[in-house]
Amino acid sequence: LAVGKAVAQKIPVNYDESQMPAYTLPNPLVLSNGKPVTSVSVWEKTRRPELLKLFAEELYGVNPFPSTIKSTVEVKTVNENALGGKAISKQITLRFPTISPTAALNVLLYLPKNVKKAPTFVSLNFTGNHSTTHEKEVLVTENWVNSGFDKSFVNNRATEASRGIAERRWPYEAIVARGYAVATAYYGDLEPDHAEGWRTGIRSVLTPEQREKWSALGVWAWSMSRMVDYLIQHEGQIDAKKIIGVGHSRIGKATLWAGAEDPRFAVVISNDSGEGGAALARRWIGETVEHLNTQFPHWFCANYKKYNKAVAELPVDQHELLSLIAPRPLYVASASKDTWADPKGEFLSAVEAGKVYQLYKKTGLGTSEMPAVNTPVGQTIGYHLREGGHDILLYDWEQYMNFIDKHIKIQ
Ligand code: GCU
């Protein structure tokens, strides 16, 4: 990882729009044979599958597992009085014995009291479930963690000292107070985030060829879908039709891919996902495909590296990933100081995805003018530019809940 970072730092970075070469975006509404997509049925039967296949083969990887996976469920703890009595919390370990003897995904779930069927956020965290809260019963992750993420991590292991370090990103009390449930798991459970992480993760059971065709981001997206399997089968209090995928940064990239692959995500939210997420790849601003593939060679599949110096040859761009969410509500958020993620490129990508929403007679953003900071805009696609840096904060969650409240009813 350190080597990747040093090399990535030598790759030129541009932040100046006037220095950016012109680019042409591929049109989501043109089939690979050149014919236009003029109906929802052609989109759903032909164009959408074409795009999904391209994103799998060239970026996020081809998932080698069957679409239905049997998991075993072990409920480790239940607290009927979590968050000062406002919620029920549970910790559940999911295992997948038909594909791996060791893989385990540890889910932390908060259910609001007094809601019969809760819409539920599904997300992954960067530093372990215990880092999202100070609640004592939440188990400290035993998996590899990135020592660079926190001073309390020693030799890539977490300790009690890291309890609650990411609390600002997980405003559980505010979330359950609005009638939402929230489920999270450590993103490194099924693949630790480093170039050799596959060795101890779920990709270790694959042939080298299958492994290279898939990716770490693909595994993280897959983890989110396994959480959905559990939630809709086992948690009666959860509204299976109101599962919301949300993720920050690299997990935002994984979330968009999860939402594209898995239609059970009724709403999809990208928080500062940047390059390889919501941001248009063809814009030469901030991070580039080459930076991504150099610093994080395991995130995407091997094919993505072909575009390091040839981004115009990518058969897709990221607005087409966003359009795979249509007609479901989609929210893209940026932060004003997060120039590495190219906020304008994230916004323009959301504007472009609106074309596919129009095919469904829905309005996407309803504007092509980038809003001022802290001024949410949009209709079936939402967008805001939070003032500040690369993070996911209460302000972001509040805008997400305001947006979702407009689209779905809480019972
Ligand atoms: C790095 C990386 C980004 C990523 C971010 C994060 O900055 O270059 O692509 O989104 O880490 O996950 O926080």
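In what follows, residues are counted from 1 in the order of the sequence shown. Below, all heavy atoms of this structure are taken into account, side chains as well, without hydrogens, waters or symmetry copies. Atoms within a ligand are numbered from 1 in the order they appear, just like the ligands themselves.
Ring centroids of Phe65 and Trp214 are separated by less than 6.0 Å, placing the two rings close together. Ring centers of Trp222 and Phe96: under 6.0 Å apart, within the cut-off. Ring centroid separation for the pair His384 and Tyr400 comes in under the 6.0 Å cut-off.
For Lys306 and Glu313, the salt-bridge test fails: no basic side-chain N is under 4.0 Å from an acidic carboxylate O. Using a 4.0 Å cut-off between a side-chain N of Lys or Arg and a carboxylate O of Asp or Glu, Glu398 and Arg386 do not qualify as a salt bridge.
Figure legend: Arg211 and Trp198 shown as a cation-pi pair, the cationic atom lying under 6.0 angstrom from the six-membered ring centre and within 45 degrees of its axis.
Within 4.0 Å of ligand 1, the residues that place a heavy atom are Phe126, Ser249, Arg250, Lys253, Glu287, Leu292, Phe296, Trp299, Trp340, His390, listed by chain and number.
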